[in-house]
Protein chains: 2
Amino acid sequence: MRFEPVRTVRAYERIVEQIEEAVERGDLRPGERLPSERELMVQFSVSRSTVREALRVLQARGLVRSRPGDPNGAEVQPFTPAALHKSMTTLARVDELSIGELVQFRMVLDSAANLLAARLKTPEQLAEMEAAIAAMRASADQGYETFSAADVAFHDAVARASGNKLIEICNDVVRSIVLNLVAGKLADAPELMERSVRHHEEVLEAVRQGDGQSAARLARQTMYDYYETYVPEAQRDALRALLE
Amino acid sequence: MRFEPVRTVRAYERIVEQIEEAVERGDLRPGERLPSERELMVQFSVSRSTVREALRVLQARGLVRSRPGDPNGAEVQPFTPAALHKSMTTLARVDELSIGELVQFRMVLDSAANLLAARLKTPEQLAEMEAAIAAMRASADQGYETFSAADVAFHDAVARASGNKLIEICNDVVRSIVLNLVAGKLADAPELMERSVRHHEEVLEAVRQGDGQSAARLARQTMYDYYETYVPEAQRDALRALLE
DNA sequence: ATGCATTTGTTCGTATGTATC
DNA sequence: AGATACATACGAACAAATGCA
């Protein structure tokens with residue numbers, strides 16, 4: 001007979017587990033309130049400090065949010081990729097994720113999104129994409145900020161049309177990291193913007209016609225062209241491997 | 001003149017920020033120790049509870065780990081995708097991510113990994129893949145557990161060979177979630193295993209020959225065939241869109 | 001619009017189990 | 001084996017913020 005080593009589990013962890021499970025089971029829905037800290041310390045029969053440590057962890061995971069003085073207790077949050085975003089950002093910073101790897105990942109995701117969108121798009125989603133491109137063209141002379149916002153809107157519409165929430169979320173997270181990295185470096189370059197608009201139109205046309213392969217290939221090419229100059233020469237080869 | 005709204009930032013958050021930045025800057029390297037809680041409460045001039053709440057958050061993010069009685073204080077952890085894994089798991093549970101979406105995401109990632117691996121593989125990595133497939137065949141009659149472990153080893157080797165840590169990590173995270181979901185449902189099916197081994201061999205052959213397109217396509221097909229029966233009929237269409 | 005009661009944020013003091021030297 | 005320093009956990013207290021009558 002062999003015994004398992006006993007894992008000493010902290011009191012606050014058990015509280016986290018219980019509340020986490022309640023949320024995942026759907027017993028606690030977004031918008032609902034947790035009991036007050038004093039009530040929780042009675043229910044779990046622990047001290048207030050322990051309750052608070054548990055709440056801090058839950059808050060860090062984005063499951064609840066508590067404000068000082070709120071008599072209704074902590075609020076259960078709807079899911080946001082904030083926690084996901086946080087850990088990916090630290091990954092990018094601590095583990096020295098290169099800009100090349102990030103752009104490459106975006107190429108993979110955006111490519112897949114376009115492939116699927118070409119097949120699954122609805123007329124409303126097509127209209128969104130068209131509107132986004134129109135906004136891109138209109139803002140070409142209004143500076144990088146506005147242009148970038150329209151660009152983001154287009155890629156978001158495509159990601160939504162893919163019908164895969166995981167693609168949508170990861171796309172969103174990695175994009176914001178990339179945009180943060182190149183922020184400042186990205187000057188206003190009218191000719192670059194204009195070319196980008198043309199490329200996006202080609203992508204959209206392929207999506208409209210349901211030609212997923214072309215849409216995916218064009219999307220990869222578009223992104224490569226757009227970020228090429230910000231990726232160190234040594235890393236570009238790996239990116240070009242996706243273009244063949 | 002416009003003023004910014006004052007965001008009241010909690011004391012423990014500032015502590016989290018400071019330590020987080022120190023880790024991200026590299027001032028605190030994995031393995032190094034934080035000062036003890038009593039020391040920290042002096043340095044930040046806050047109370048013990050506040051320090052502890054900050055440490056709980058940092059621990060939830062996987063940056064540090066503290067154990068009772070350790071005279072050296074909390075230890076800075078090397079980056080692990082544990083936090084990433086956690087938030088993706090809650091995403092899968094709370095936001096009702098379907099098994100179809102998860103498998104589809106794996107198809108996208110694994111496909112990209114194979115495409116890149118075909119181009120960037122080293123002889124050592126090829127040897128790893130060969131060893132993994134050999135282990136798969138050897139364990140075909142030893143039950144699902146051993147077989148699955150060898151299967152994981154193969155996909156891991158490919159992901160590493162892709163040279164993209166983001167692909168590697170996301171692959172790992174999503175795979176473990178999928179395996180968790182189908183756990184139990186997946187009975188021992190010798191003929192399924194045998195077919196899977198053959199498919200993996202075809203993938204490996206394409207990788208060996210540097211034929212990225214074929215490797216990617218075969219990888220998608222292999223995964224689809226393997227998980228098809230566990231994906232509800234209605235969701236399979238979206239998966240098949242990746243096979244054309 | 002003004003208090004009032006309640007809640008969270010934070011502090012301090014204390015007791016207990018535990019790891020290291 | 002003992003001493004020391006540590007994290008864990010408890011409880012009481014005060015300030016600041018919030019919601020409601």
Side-chain angles (χ1 to χ4, degrees), chain A residues 3-20 22-23 28 30-77 82, chain B residues 3-20 22-23 28 30-77 82:
Chain A
F3 294 103
E4 289 289 315
V6 186
R7 189 174 64 101
T8 69
V9 58
R10 315 269 184 286
Y12 82 91
E13 283 202 66
R14 297 218 185 154
I15 300 180
V16 169
E17 280 176 23
Q18 285 198 43
I19 297 182
E20 207 165 34
V23 172
L28 284 170
E32 283 192 64
R33 302 306 189 112
L34 257 50
S36 75
E37 293 182 358
R38 285 177 179 78
E39 176 63 28
L40 287 174
M41 64 186 270
V42 175
Q43 288 194 27
F44 291 109
S45 67
V46 293
S47 78
R48 201 160 133 206
S49 321
T50 306
V51 168
R52 287 181 59 76
E53 289 181 23
L55 288 177
R56 288 292 89 88
V57 173
L58 289 169
Q59 185 157 336
R61 296 203 182 140
L63 282 148
V64 304
R65 195 190 55 147
S66 52
R67 310 197 313 256
D70 192 334
N72 295 317
E75 183 180 359
V76 177
Q77 296 293 104
Chain B
F3 295 102
E4 289 288 316
V6 186
R7 191 174 63 100
T8 67
V9 58
R10 317 267 184 286
Y12 78 90
E13 284 214 55
R14 296 214 188 159
I15 301 180
V16 170
E17 278 176 23
Q18 285 199 43
I19 297 182
E20 208 165 32
V23 172
L28 283 170
E32 282 192 66
R33 301 307 188 110
L34 257 51
S36 74
E37 292 184 359
R38 287 175 180 81
E39 176 64 27
L40 287 174
M41 64 187 269
V42 175
Q43 289 194 27
F44 291 108
S45 68
V46 292
S47 77
R48 188 85 187 280
S49 320
T50 306
V51 168
R52 288 179 60 76
E53 289 182 23
L55 288 179
R56 287 290 92 90
V57 173
L58 289 169
Q59 185 157 336
R61 295 202 181 140
L63 282 152
V64 305
R65 197 190 53 152
S66 54
R67 2 184 272 267
D70 191 333
N72 294 316
E75 182 180 359
V76 178
Q77 297 292 105

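Reckoned from all heavy atoms, side chains included, excluding hydrogens, waters and symmetry mates. Convention: sequence-line order gives letters A, B, ...; per-chain numbering from 1.
Nucleotides of DNA chain D nearest to A:Gly69 and B:Arg56 differ in position, and the one nearer the 5' end is that of B:Arg56. For the pair B:Arg48 and A:Arg67, both in contact range of DNA chain C, the more 5′-proximal nearest nucleotide belongs to A:Arg67. Annotation: of the two residues near DNA chain D, B:Asn72 and A:Pro68, the 5′-most nearest-nucleotide partner is B:Asn72.
When all heavy atoms are compared, the tightest approach of A:Arg61 to A:Val16 is NH1-CG1, 3.6 Å. A:Val57 approaches B:Ala60 most closely through the heavy-atom pair CG1-CB, 3.9 Å. Smallest separation of non-hydrogen atoms from A:Ala11 and A:Thr50: CB-CG2, 3.8 Å.
Distances shorter than 4.0 Å separate none of the side-chain N or O atoms of A:Ser66 from OP1 or OP2 on C:dT7.
Between B:Ser49 and A:Arg52, the closest side-chain pair of non-hydrogen atoms is not below 4.5 Å.
Atom CD1 in B:Ile19 sits 6.0 Å away from atom CG in B:Leu55 (nearest 0.5 Å).
Once you apply a 4.0 Å limit to the heavy atoms of chain A, the touched nucleotides of DNA chain D run 5' to 3' over D:dT8 to D:dG19.
Summarising the local packing, CZ of B:Arg48 is surrounded by more than 12 heavy atoms from other residues, nucleotides or ligands at distances under 6.0 Å.
One side chain, A:Arg56 or A:Ser66, offers a donor N or O that lies under 3.5 Å from an acceptor on the other.
Here the P atom of nucleotide C:dT20 and the CD atom of B:Glu75 are 11 Å apart, to the nearest Å. Atom CZ of A:Arg10 is separated from atom C1' of C:dT16 by 15 Å (rounded to the nearest Å).
For the segment residues 32-43 of chain B, the set of residues with a heavy atom within less than 4.0 Å of an atom of DNA chain D comprises B:Ser36, B:Glu37, B:Arg38, in numerical order.
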For A:Arg10 and A:Glu53: C-alpha separation, side-chain torsions, deciding distance, then whether salt bridge (Lys or Arg N to Asp or Glu O under 4.0 Å) applies.
CA-CA 11 Å; A:Arg10 315 269 184 286; A:Glu53 289 181 23; over 6 Å; no
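Nucleic acid contact for B:Arg65: none, since no nucleic acid atom lies under 4.0 Å from a heavy atom of the residue.
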